[in-house]
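Data block below; observations after.
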Amino acid sequence: MTEMLSYDFMQRALLAAILVGVTAPAVGIYLVQRRQALLGDGMGHVAMTGVGLGFIFQTSPVWMAVLVCVLGAVVMELVRSRGNQRGDIALAMLFYGGMACGKLLVSLSAEAGSGSLESYLWGSILTVAPADLLTIAILGAVVIAVTVGLRRQLFAICQDEEFARVTGLPVRLLNLLLAVMAAVTVTVAMRVVGLLLVSALMVVPVVAAQQLTRSFAATQAAAIALGVVVSLAGVTGSYQADVPSGPAIVLLAVVVFALFSAVSGPLARRRHRAPADRGPEVCDVRLPGQGAADANACAQSGPTSGAGLAQ
């Protein structure tokens with residue numbers, strides 16, 4: 001371990017793993033709540049076009065991917081909000097077109113070879129440069145500030161958009177903001193786990209944490225902690241075993257999910273044996289304008305929000 005930390009590239013790799021381990025689940029919990037767990041995978045396809053443009057114009061592929069992915073996220077959210085029956089087809093065209101366009105652009109670039117493309121598809125955390133680490137830190141800080149600072153508002157639109165609209169929340173703006181934050185997270189994590197696996201790091205720690213937690217805030221905190229742990233362990237293990245870090249991180253997260261699923265059954269049976277008059281404390285996210293009395297009443301009303309969270 002001491003020898004590993006003596007290398008500058010490993011120090012940068014571990015810092016990048018921590019940043020991505022915090023950022024990805026912080027956004028992923030909202031996607032899981034909205035049953036859009038695969039949205040990150042689609043955005044990864046779109047980000048390929050940005051990577052290709054970065055190679056063509058000899059600029060930062062990460063920042064170019066941010067621009068393209070954010071534009072793609074806005075288009076996706078507009079298609080989703082309209083509720084068009086052909087929306088799925090439009091999104092599929094966007095996803096597949098983004099991947100194909102990215103591959104063509106990379107092949108036309110004289111600066112990039114197959115190895116460069118592989119590093120973005122599957123991640124190459126050991127090649128993270130100081131400039132990449134600074135970019136990850138800046139974008140990650142923005143994502144954390146939004147997803148944690150606006151937790152109540154984002155939770156509301158994920159649970160019930162109509163109710164959130166009645167309470168006066170700017171639902172459309174919040175939806176767009178969430179889509180943009182998911183797009184930024186994809187580009188932040190692509191150097192660590194790769195565009196093809198980034199969705200897993202956004203989703204698996206969240207569904208693993210849901211096996212043991214009962215409230216939104218607890219799930220978010222546990223998912224972030226799990227994201228950091230599996231990211232650090234995956235990077236360390238990949239260095240020791242000389243294997244790619246991205247797949248190692250994702251497989252470790254899947255193993256943790258399997259273990260948590262195995263122990264969640266006995267814990268659930270213990271909870272069912274609790275006194276019937278003690279409702280689960282699930283309404284820990286209070287909407288703007290909701291008083292403490294309303295929140296306490298909600299906490300004793302039963303597993304309404306918790307049921308949606310556990311799915």
Side-chain angles (χ1 to χ4, degrees), residues 16-17 19-51 61-62 65-80 87-88 90-99 102 120-123 125 136 139-140 142-144 146-147 154 157-158 174-210 219-220 223-224 226-228 230-231 234 245-247 249-254 257 311:
L19 293 171
V20 172
V22 172
T23 306
V27 174
I29 188 170
Y30 300 106
L31 301 184
V32 172
Q33 283 291 96
R34 303 183 72 168
R35 294 175 175 83
Q36 294 179 337
L38 295 179
L39 184 63
D41 187 59
M43 289 183 179
H45 288 63
V46 176
M48 273 294 299
T49 298
V51 173
V62 176
V66 170
L67 176 61
V68 173
C69 207
V70 166
L71 292 176
V74 172
V75 173
M76 284 184 253
E77 178 56 32
L78 292 177
V79 171
R80 187 198 68 84
D88 289 343
L91 293 180
M93 296 300 103
L94 181 64
F95 296 162
Y96 302 144
M99 178 66 81
Y120 287 95
L121 289 177
W122 299 104
I125 194 171
I136 293 173
L139 295 178
V142 173
V143 171
I144 292 299
V146 171
T147 54
L154 295 177
I157 65 170
C158 290
L174 289 172
N175 281 329
L176 284 173
L177 183 61
L178 181 58
V180 169
M181 291 301 100
V184 172
T185 302
V186 167
T187 56
V188 165
M190 70 180 181
R191 294 293 285 165
V192 177
V193 294
L195 293 173
L196 297 181
L197 295 176
V198 62
S199 183
L201 193 57
M202 298 170 69
V203 171
V204 178
V206 175
V207 295
Q210 284 181 343
T219 300
Q220 188 177 46
I224 291 174
L226 285 175
V228 173
V230 298
S231 296
S245 59
I249 292 172
V250 172
L251 284 178
L252 184 58
V254 172
F257 167 74
Q311 293 178 358

Interatomic distance, CE@Met202 vs CD1@Ile29, rounded to 0.5 Å, equals 12.0 Å

With Val188, the side chain to side chain contact (heavy atoms under 4.5 Å, CB included) member among Leu19, Val20, Val198
Val20

Of all heavy-atom pairs between Val192 and Ser245, which one has the smallest distance, and what is that distance?
O-OG, 3.6 Å

From SG (Cys158) to CG (Leu31), nearest 0.5 Å:
7.5 Å

Looking only at heavy atoms, the pair that brings Gly234 and Ile249 closest together is CA-CG1, 3.8 Å

When every non-hydrogen atom of Ala65 is compared with those of Ala47, the smallest separation belongs to CB-O, 3.9 Å

Candidate pair Val184 and Met43, rule side chain to side chain contact (heavy atoms under 4.5 Å, CB included), full reasoning:
CA-CA 9 Å; Val184 172; Met43 289 183 179; over 6 Å; no

How far does OG1 of Thr147 sit from CD of Gln220, to the nearest 0.5 angstrom?
6.0 Å

Is there a side-chain contact between Val22 and Val143 in this structure, where contact means two heavy atoms from C-beta onward sitting under 4.5 Å apart?
no

Val46 and Val186: side chain to side chain contact (heavy atoms under 4.5 Å, CB included), yes or no, with the steps?
CA-CA 10 Å; Val46 176; Val186 167; over 6 Å; no

Sorted by first residue and then second, give each ring pair (Phe, Tyr, Trp, His ring centres under 6.0 Å) pair with at least one member in residues 27-48; sequence neighbours left out.
Tyr30-Phe216

Sequence neighbours excluded, the answer for side chain to side chain donor-acceptor pair (under 3.5 Å) partners of Asp41 is none

Rounded to the nearest 0.5 Å, what separates atom CG in Leu154 from atom CG in Leu177?
6.5 Å

Among Val32, Ile224, Val27, which residue meets the side chain to side chain contact (heavy atoms under 4.5 Å, CB included) test with Val206?
Val32

Heavy atoms of Ser199 and Gly40 approach each other most closely as CB-C, 3.9 Å

Rounded to the nearest 0.5 Å, what's the gap from CG on Leu139 to OG1 on Thr187? Could you check?
5.5 Å

Nearest heavy atoms of Met99 and Leu196, plus distance in Å
CE-CD2, 3.8 Å

Let me have the donor-acceptor pairs involving side chains of residues 67-79, under 3.5 Å, with sequence neighbours excluded, atom names and distances please.
from	atom 1	to	atom 2	distance (Å)
Glu77	OE1	Arg80	NE	3.1
Glu77	OE2	Arg80	NE	3.4
Glu77	OE2	Arg80	NH2	2.8

Taking atom CE of Met190 and atom CG of Leu121, what is their separation to the nearest 0.5 Å?
10.5 Å

Any side-chain heavy atom of Ser231 within less than 4.5 Å of one from Leu252?
no

